[in-house]
There are 2 protein chains.
Amino acid sequence: MTGKKNGALKPMESLSLTDRVETILRQYFTENKFKPGDAIPNELDMAKKLNVSRNVVREALSRLRMLGMIEARPRKGMVMTQPDLFTGMEKVLNPFILGRDSLNEIFELRLIMEMGIAEFLFARKTDKDLAELEAIINRQASPLVASKEEEVAFHGKLYHMTGNETFKRFQTLLMPIFDHVFKEYSNPEIFTETINPVTHYDLFLLLKNGTPDEFRKGMHSHLAVYFPVTETS
Amino acid sequence: MTGKKNGALKPMESLSLTDRVETILRQYFTENKFKPGDAIPNELDMAKKLNVSRNVVREALSRLRMLGMIEARPRKGMVMTQPDLFTGMEKVLNPFILGRDSLNEIFELRLIMEMGIAEFLFARKTDKDLAELEAIINRQASPLVASKEEEVAFHGKLYHMTGNETFKRFQTLLMPIFDHVFKEYSNPEIFTETINPVTHYDLFLLLKNGTPDEFRKGMHSHLAVYFPVTETS
DNA sequence: TAATTTTATTTGTAGGACAAATATATAAAT
DNA sequence: ATTTATATATTTGTCCTACAAATAAAATTA
């Protein structure tokens with residue numbers, strides 16, 4: 001450690017007081033098992049207890065407010081609230097800042113999830129759902145090729161049918177990035193001219209009358225052009 | 001709209017200046033296609049342009065700082081940085097505040113993901129990966145039943161083998177919640193006494209010698225007890 | 001030209017003041 | 001006694017001022 005033989009020394013990470021207070025607060029909430037509705041100490045109390053200015057406390061709390069973890073009222077003070085899991089993610093889903101690798105990986109994430117939902121679709125599909133899905137397909141301009149909006153409508157309905165709102169919201173957030181990656185980094189002309197071997201209607205029939213495995217095979221064919229090439233397939 | 005016939009009227013949403021500035025800044029960055037490394041106007045300029053106090057600007061910037069979107073240096077000012085997709089999510093992954101429905105849905109999300117990765121595993125597996133996976137299994141105390149740590153090691157290696165860091169990080173973040181839901185809301189005694197029909201070693205063999213479909217069937221059997229009951233399976 | 005020192009700049013933190021929006025307490029009406 | 005209306009107190013939200021801290025850039029020296 002006496003010379004530069006082992007490369008540049010890494011600078012010590014110096015956290016601002018705001019960073020520290022944020023962490024302390026989150027730990028405090030977890031350790032004391034705060035639940036939605038529970039009252040939180042007020043800003044002045046916190047500033048005193050933590051020996052920092054009220055500004056620092058407010059900057060830290062502003063972060064938690066953005067995440068939906070807390071809610072503030074005049075005179076009553078602050079309470080714990082149930083956060084939305086994806087608020088933070090939604091705010092950084094900007095293709096100009098995410099980096100190429102991340103964008104590609106988000107693209108794949110959508111594929112992973114499309115391939116993973118069959119069991120839940122079959123467990124929770126209803127006649128009403130199926131009828132609505134069929135109606136969506138019937139509204140397509142062409143039965144063989146779907147526009148972007150039609151893709152969103154069809155797949156969005158599938159996500160809804162899983163009965164898992166968290167999944168639906170996650171996948172819905174990923175769609176614009178999927179589109180962006182597709183548009184920016186692949187050759188769109190090939191795909192728009194190619195008829196999809198498995199149509200939305202085919203998938204509908206598999207969902208209505210088939211098994212999860214059959215549906216999954218169909219979905220894989222529907223999305224085949226997006227998957228990495230494998231040696232065994 | 002003159003009476004109460006249509007239920008309670010919703011209060012107008014009143015956003016704080018901090019909320020507004022945060023939104024304005026994120027829009028500004030997107031519209032002007034800011035990339036990592038690009039310089040951002042300084043705090044005083046922003047406060048002047050937006051006609052708010054520097055405190056408000058700082059509270060908004062503090063949020064973006066937490067998300068990893070910006071980085072600040074004395075004298076040089078602030079630059080755009082590549083954010084981590086899941087920083088915000090990581091900070092709210094606290095089972096006491098998330099709500100029962102969300103916890104259950106996160107539990108399912110992990111299952112969806114496990115069922116969806118076969119294609120990527122097969123496309124990207126290497127002999128080295130397979131050897132390391134086998135070594136992990138050989139280190140298990142029992143070949144038939146795995147401890148929590150052993151589950152984490154095995155499945156963590158699978159995630160790594162997909163070659164998708166975003167997926168790996170997401171799934172790794174979900175594991176503690178999966179455990180929590182499993183512990184709090186199911187009957188653990190049944191599962192700990194039950195031998196898993198498909199062991200880690202079985203999955204390893206399927207990954208080494210089989211097809212994505214075969215692997216997926218095996219994974220489904222491995223995780224079968226966690227899935228909702230379906231009428232067609 | 002390279003190394004060192006000084007200066008200027010921007011962020012980070014502190015403290016004080018007051019407005020705004022209630023939640024709570026009190027008073028008045030039924 | 002209960003309900004409605006009014007006043008008050010409390011806490012957050014915003015603004016302002018000041019100065020410390022940590023550089024990045026400029027100036028000086030070798």
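Heavy atoms only: backbone and side chains are in, while hydrogens, waters and symmetry mates are out. Numbers restart at 1 for each chain; the letters A, B, ... are given by sequence-line order, proteins then strands.
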Subject >> From CA spacing to verdict: side-chain contact (heavy atoms from CB on, under 4.5 Å), A:Met89, B:Met89 >> reply: CA-CA 7 Å; A:Met89 183 176 100; B:Met89 184 176 101; 5.6 Å; no

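- The shortest distance between side-chain heavy atoms of A:Glu132 and A:Lys128 falls below 4.5 Å.
- Phosphate contact (OP1/OP2 of D:dT14, side-chain N/O of B:Thr18, threshold under 4.0 Å): present.
- For DNA chain C, the neighbouring residues in residues 43-60 of chain B, judged by any heavy atom under 4.0 Å, are B:Glu43, B:Arg54, B:Arg58.
- Following rounding to the nearest Å, B:Asn42 (CG) and C:dA8 (P) show an atom-to-atom distance of 18 Å.
- If you measure from atom CG of B:Leu15 to atom P of D:dT12, you get 19 Å, rounded to the nearest angstrom.
- Applying the salt bridge (Lys or Arg N to Asp or Glu O under 4.0 Å) definition to pairs two or more places apart or across chains, those involving residues 102-115 of chain B are A:Arg124-B:Glu108, B:Arg110-B:Glu114.
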**OP:** Mind running side chain to side chain donor-acceptor pair (under 3.5 Å) on A:Glu151 and A:His155 for me, showing each step along the way?
**Re:** CA-CA 6 Å; A:Glu151 288 286 340; A:His155 288 278; 3.1 Å; yes

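- Counting to the nearest Å, the P atom of C:dT22 and the NZ atom of A:Lys76 are 12 Å from each other.
- Along DNA chain C, the nucleotide nearest A:Pro74 and the nucleotide nearest B:Arg65 are compared for position; the residue whose nucleotide lies closer to the 5' end is B:Arg65.
- Ring planes of B:Phe170 and A:Phe170: parallel class, angle under 30° (limits at 30 and 60°).
- Listed nucleotides D:dA24, D:dC15, C:dT13 differ in distance to A:Leu17; the shortest reach to its side chain belongs to C:dT13.
- Using a 30° and 60° split on the angle between ring planes, B:His200 and B:Phe154 fall in the parallel class, below 30°.
- Rounded to an integer number of Å, the gap from CD of B:Glu71 to P of C:dG12 is 11 Å.
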Original post:
Given A:Phe120 and B:Ile112, is the side-chain contact (heavy atoms from CB on, under 4.5 Å) satisfied, shown in steps?
Top reply: CA-CA 8 Å; A:Phe120 295 96; B:Ile112 288 169; 3.5 Å; yes

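- With hydrogens and angles ignored, a donor-acceptor pair closer than 3.5 Å exists between the side chain of A:Arg75 and the base of D:dA9.
- Here the C1' atom of nucleotide C:dT10 and the CG atom of B:Leu61 are 12 Å apart, to the nearest Å.
- D:dT12 atom P lies 12 Å from atom CZ of A:Arg73, rounded to whole Å.
- Checking A:Ser16 against B:Gly77, the closest nucleotide of DNA chain C that is more toward the 5' end is the one next to B:Gly77.
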